[in-house]
Amino acid sequence: MYPITRHRRLRATPELRRLVREVSLSVDDLVQPLFVRCGNEIKREVESMPGVFVMSPDIALQECMELEKLGIGGVILFGLPASKDSAASAAYDDAEAVQLTIRAVKQRTKLIVATDVCLCEYMDHGHCGVINNGEVDNDETLPLLARTALSHAKAGADIVAPSDMMDGRVKAIRAALDEGGYQNTLILSYAVKYSSAFYGPFRDAADSTPAFGDRKSYQMDAANRREALKEALSDVEEGADIIMVKPALAYLDIIREVRDKINLPLAAYNVSGEYSMVKAAAHLGWMDYNSAVLEILTSIKRAGSDIIITYFAKDAAKLL
Ligand code: PBG
């Protein structure tokens, strides 16, 4: 008790603070999302995400070489297809941007390459599954997801990451991968994915805003915590290797809850809106960008996440 106890003693100098710090960020744990589209020498900035670019596979390869030099943990690829339809055909087209980028990057680097497995960027209606009678049909969507994951595995992806929130997709994907001879391809499941306003800038980048309705019949309700555990546990049973909570900042309690109850590695997705709001405020001179980035990433780590998928990855790697 005061005055014998003085908390400030431990905070007196930078050296002491470093010595007693409880968690520290490492570049090893950061994953950089990349948007790719077919073509050559394309590098177009996403308007709502300054500093984030849509790249053709050749430019994405250069970017990956830089990220590897910075020691970053890996990348996760999102594809913008040349055309969209009602069967998401481009998602499992071996000559599309994601597949081409995986091949190029795995040939030239040792970087871990993960891929987002979802159909919304590839569907003409922007929903994450097949539409039947105006609704997203869970069971008809599963084979398309499995086919997409298999196409990524064939191209050489280390990790496939389903983000669609259909029930049973991890099981379907695991079965397809095993049957195709890809027993060692990892599944990072977006197990706990909330319906969120913070995906706004991403949908702008990926042109994947649903043409009608919203994603609330498949993505989770922000108010639910117990449901997060149900979702995570069923993905563990279905064979997921890594579990993800998404978004991160408004869901730090959920990250902690899942960390405490599940023994798999845990990832958190620090999503597009969480990036853009910091960028915007920093641009207006309302907060310091570098310290905000490190504080945010530290909070996600402290909440219990092992892996952080973040658009700040490259900037953070330079700061660490
Ligand atoms: C695809 C997908 C989305 C994100 C990752 N995968 C968009 C969505 O569900 O609408 C969001 C990522 C971000 O906001 O950074 N389903």
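Whatever order the structure lists them in is the order used to number ligands and atoms, beginning at 1.
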Inspect the contact between Glu96 and Arg37 and indicate whether a charged nitrogen and a carboxylate oxygen are less than 4.0 angstrom apart.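 Looking at Glu96 together with Arg37, the answer is no, because their closest N to O distance does not fall below 4.0 Å.
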Answer yes or no: is there an ion pair linking Glu68 with Lys110, defined by an N-O contact shorter than 4.0 Å?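 Result for this pair is no, no salt bridge flagged.
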Please work out whether any backbone atom (N, CA, C, O) or any side-chain heavy atom from C-beta onward of [X] is under 4.0 Å from ligand 1, and answer side chain, backbone, both or neither.
X	result
Ser163	both
Cys120	side chain
Tyr275	neither
Asp116	side chain

Could you list which atoms of ligand 1 come closer than 4.0 Å to a heavy atom of [X]?
X	answer
Tyr311	12 (C), 13 (C), 15 (O)
Arg215	8 (C), 9 (O), 10 (O)
Tyr269	12 (C), 15 (O)
Gln219	8 (C), 9 (O)

Test side-chain contact (heavy atoms from CB on, under 4.5 Å) applied to Asp221 - qualifying residues, sequence neighbours left out: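 With neighbours one apart ignored, the set is Ala223, Asn224.
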Does NZ or CZ of Lys279 lie under 6.0 Å from the centre of the six-membered ring of Phe312, at an angle within 45° of the ring axis?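 So Lys279 doesn't make the cation-pi contact.
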Does the ring centre of Tyr92 sit less than 6.0 Å away from the ring centre of Tyr122?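 No, too far apart.
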Counting non-hydrogen protein atoms only, what is the nearest one to [atom]? Give residue, atom name and distance.
atom	value
atom 14 (O) of ligand 1	Ser272 OG, 2.7 Å
atom 10 (O) of ligand 1	Arg203 NE, 2.6 Å
atom 11 (C) of ligand 1	Lys246 NZ, 2.9 Å

Should side-chain heavy atoms under 4.5 Å link Ile, Leu, Val, Met, Phe, Trp and Tyr, which residues sit in the same cluster as Leu284?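 Once heavy-atom contacts under 4.5 Å are chained together, Leu284 belongs with Trp286.
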Under the side chain to side chain contact (heavy atoms under 4.5 Å, CB included) rule, what do Glu231 and Lys193 come out as? Steps first, then yes or no, please. CA-CA 9 Å; Glu231 281 282 2; Lys193 179 175 176 181; over 6 Å; no
Are any of the heavy atoms in Met165 under 4.0 Å away from ligand 1?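 Under 4.0 Å: no for Met165.
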Is Phe78 in contact with ligand 1, taking contact as a heavy-atom separation below 4.0 Å?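 Phe78: in contact with ligand 1 (<4.0 Å).
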Please round to the nearest 0.5 Å and tell me the distance separating atom CD of Glu295 and atom CZ of Arg302.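 One gets 8.5 Å once the value is rounded to the nearest 0.5 Å.
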Plane angle bin for Tyr218 and His127 - parallel if under 30°, tilted between 30 and 60°, otherwise perpendicular: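 The rings of His127 and Tyr218 stand perpendicular, inter-plane angle above 60°.
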My understanding is that we take every heavy atom of each candidate and find the minimum distance to atom 2 (C) of ligand 1. Doing that for Met244, Glu274, Glu121, Lys193, which one comes out nearest?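 Comparing heavy atoms across Met244, Glu274, Glu121, Lys193, the nearest one to atom 2 (C) of ligand 1 lies in Lys193.
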